[in-house]
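Report on one structure; see the data block that follows.
Quick note: numbers below take in every heavy atom, side chains included, and nothing from hydrogens, waters or symmetry partners.
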Amino acid sequence: MIEIQRLRTQTDQIIKALAKKDIDPAPLVEQAIAYDTERRSLQTTLQNQRASLNDLSRQIGQALKEKDSLRADTLRQQTQALKDSIQQLEKQLQEVEAKLEEVLIRLPNPPHDSVPEGRSAAENVVVFQSERPLLSAEGRLPHWEIAEKRGLIDFARGAKVSGSGFPFYVGDGAKLQRALIQFFLDEAEKAGYLEMEPPFLVNTDTAFGTGQLPDKDAQMYYVPLDELYLIPTAEVPLTNYYRDEILEEAQLPIKLCGYSPCFRREAGSYGKDVRGLNRLHQFDKVEIVQIVQPERSYEVLEAMREYVQGLVDKLELAYRTVLLCGGDMSFASAKTYDVEAWSPAQQRWLEVSSVSNFETFQSYRMKLRYRKGKSTELVHTLNGSALALPRIVAALLETHQMPDGRIRVPAVLQPYLQKAYL
RNA sequence: GGAGAGAUGCCGGAGUGGUCGAACGGGCCUGACUUGAAAUCAGGUAGCCUGCGUUGAGUAGGCUCGGGGGUUCGAAUCCCUCUCUCUCCGCCA
């Protein structure tokens, strides 16, 4: 959500930036500003009347103290008209505020200046590619076949027990999940992130805080009886950890990491893109989150991106990083990099991480600020997958497949798995 | 799930209808004393919104004592409701 004060003072820049997200922002922005003007005028009138009423109340108190009940009664009679008027103004103000909120909520985060224009993924910009060769499909089974064949993943029984998109990981397959999670957490800790195990279900305020509500509510599983959402990513509980708080500047940067299963409805997905591990309803992920001073957030974004690239590299996978164009970015992000691993059998890139700077989009919703001198300022929040498991496993199974069908375990995982081959 | 108690500023803790945004204590900040420090003394120490001013100098007003609603000229104080915490019982990994 964009700060209304910013929208008021930097209207043109914001409209220009928003246009990159492939929407026509001007009507919404103008509407917001109109509601804001109305809101402020109502508020001023209301506050003046409240001040008068407060003054009358004080006088009544004074009169009663002096046992002058006659004067008190006279004053009391003057209050009714004010009270009626105040009540009416309050109602009007509430209505305008609701309308303003409704419009503000529909405005996405304006992209950063460095975000390229473009409408779809085709216009994303490759900013880095590793030097590892892009292996051919020849002689390689796609991960869903090799995984079934070696008894690492059971898609069919997962579908029986829960539905499509809920695989069982079996034996070494399950151990590989555990190894990856632990490897990612250990790496994050070395990089200075504090490990957290977050709740996997969150309330509506939390889902609103990071921007999942109201925009993406169809993406989340919901438990109506308890009004709780299953998290689509650990970003949601981790970023909301400090919601509604004022941090001391010395606490920053705050660096959190956490493992969680992630639940996504993925309604409407189908076809080859969702085959095997490409897209699941439940998957494992380690997430990293940073809460930083605004002036540092873009250098932190680069550091996080490099950190994530390093992880993929340590798993001995070919990868590249793309800078998302305006039209392909999420609603809440100001700038996003996707890190993609090469899938030899599918001959395509798989998104294994998304690293984003949200600037104040989330902190404004969450009222997350830090003390800066005499006043307070909204922090910038960032997050990134480090990493999401399924597509990493897919790339791993395809890349490290041996001619005899065995899977070579990358050196960094061998201490966790206690084996060189699966 | 049942019964009871509670939620106040950075922390502890008072306050049961009238200058209460809030006593008192602690912490922290500034200043004085000191060669320096401690001790002592004095002052300061919440956030949000709006107007004017400034462009992070302020100033006037409004709102906020867990959240929401109500009673009243007036509520931290009374009523309703929700959330959370604690104690006891039940259940349970």
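Sorted by first and then second residue, the salt bridge (Lys or Arg N to Asp or Glu O under 4.0 Å) pairs with a member in residues 221-250 of chain A read A:Glu248-A:Arg371; sequence neighbours excluded. Residue pairs that meet the ring-ring contact (aromatic ring centres under 6.0 Å, His included) test with at least one member in residues 198-233 of chain A, sequence neighbours left out, are A:Tyr222-A:Tyr229.
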For this session: Please test A:Gln362 against A:Asn109 for side-chain hydrogen bond (donor to acceptor under 3.5 Å, both in side chains), starting from the C-alpha separation and ending with a verdict.
Result: CA-CA 9 Å; A:Gln362 295 180 328; A:Asn109 202 359; over 6 Å; no

Could you write out each protein N or O paired with an N or O of nucleotides 78-81 of chain B at a distance under 3.5 Å?
none

Could you go through nucleotides 16-22 of chain B and list every protein N or O atom that sits under 3.5 Å from one of its N or O atoms, giving the distance for each pair?
{"residue": "B:rG18", "atom": "N2", "partner": "A:Ser57", "partner atom": "O", "Å": "3.0"}

Please list each protein N or O that sits under 3.5 Å from an N or O in nucleotides 48-55 of chain B, with the distance.
{"residue": "B:rC48", "atom": "OP1", "partner": "A:Thr376", "partner atom": "OG1", "Å": "2.4"}
{"residue": "B:rC49", "atom": "OP1", "partner": "A:Gln5", "partner atom": "NE2", "Å": "3.0"}
{"residue": "B:rC49", "atom": "O3'", "partner": "A:Arg39", "partner atom": "NH2", "Å": "3.0"}
{"residue": "B:rC49", "atom": "O2'", "partner": "A:Gln43", "partner atom": "OE1", "Å": "2.9"}
{"residue": "B:rC49", "atom": "O2'", "partner": "A:Gln43", "partner atom": "NE2", "Å": "2.7"}
{"residue": "B:rU50", "atom": "OP1", "partner": "A:Arg8", "partner atom": "NH2", "Å": "3.0"}
{"residue": "B:rU50", "atom": "OP1", "partner": "A:Arg39", "partner atom": "NH2", "Å": "3.2"}
{"residue": "B:rU50", "atom": "O4'", "partner": "A:Gln43", "partner atom": "OE1", "Å": "3.2"}
{"residue": "B:rU50", "atom": "O2'", "partner": "A:Thr44", "partner atom": "OG1", "Å": "3.1"}
{"residue": "B:rG51", "atom": "OP1", "partner": "A:Arg40", "partner atom": "NH1", "Å": "2.7"}

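Per the geometry, CD belonging to A:Gln77 stands 16 Å off C1' belonging to B:rU72, to the nearest Å. Spacing between atom CG of A:Leu53 and atom P of B:rG74 amounts to 6 Å, rounded to whole angstrom units.
Nearest nucleotide to the side chain of A:Gln94, out of B:rC73, B:rG69, B:rA46: B:rG69. Side-chain proximity of A:Ala51 to the nucleotides B:rC73, B:rG47, B:rG62 is greatest for B:rG62.
Judged by the 6.0 Å distance and 45° axis criteria, A:Lys99 is not positioned over the aromatic ring of A:Tyr35. Annotation: cation-pi geometry not satisfied between A:Arg157 and A:Phe168 (NZ/CZ under 6.0 angstrom from ring centroid, within 45° of ring axis). Cation-pi geometry between A:Arg406 and A:Tyr421 is satisfied (NZ or CZ under 6.0 Å from the ring centre, within 45° of the ring normal).
With RNA chain B read from its 5' end, the first of the two nearest nucleotides for A:Lys83 and A:Arg371 is the one closest to A:Arg371.
Not one side-chain nitrogen or oxygen of A:Lys374 sits closer than 4.0 Å to the OP1 or OP2 atom of B:rA57.
Taking atom P on both nucleotides, B:rG6 is separated from B:rU16 by 14 Å, rounded to a whole Å. A gap of 13 Å separates the C1' atoms of B:rU34 and B:rC41, to the nearest Å.
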Seminar exercise, completed: Read 5' to 3' with Watson-Crick or G-U pairs under 3.5 Å, [ ] for crossing pairs and | for partners on another strand, RNA chain B gives ((((((((.[[[..)..(.....]]]((((((.......))))))(((((((.....))))))).[[[[[..)....]]]]])))))))....

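At a threshold of 4.0 angstrom between heavy atoms, the contacts of A:Leu82 with the nucleic acid are absent. Residue A:Asn54 is classed as a sugar-phosphate contact, given heavy-atom separations below 4.0 Å to backbone atoms only.
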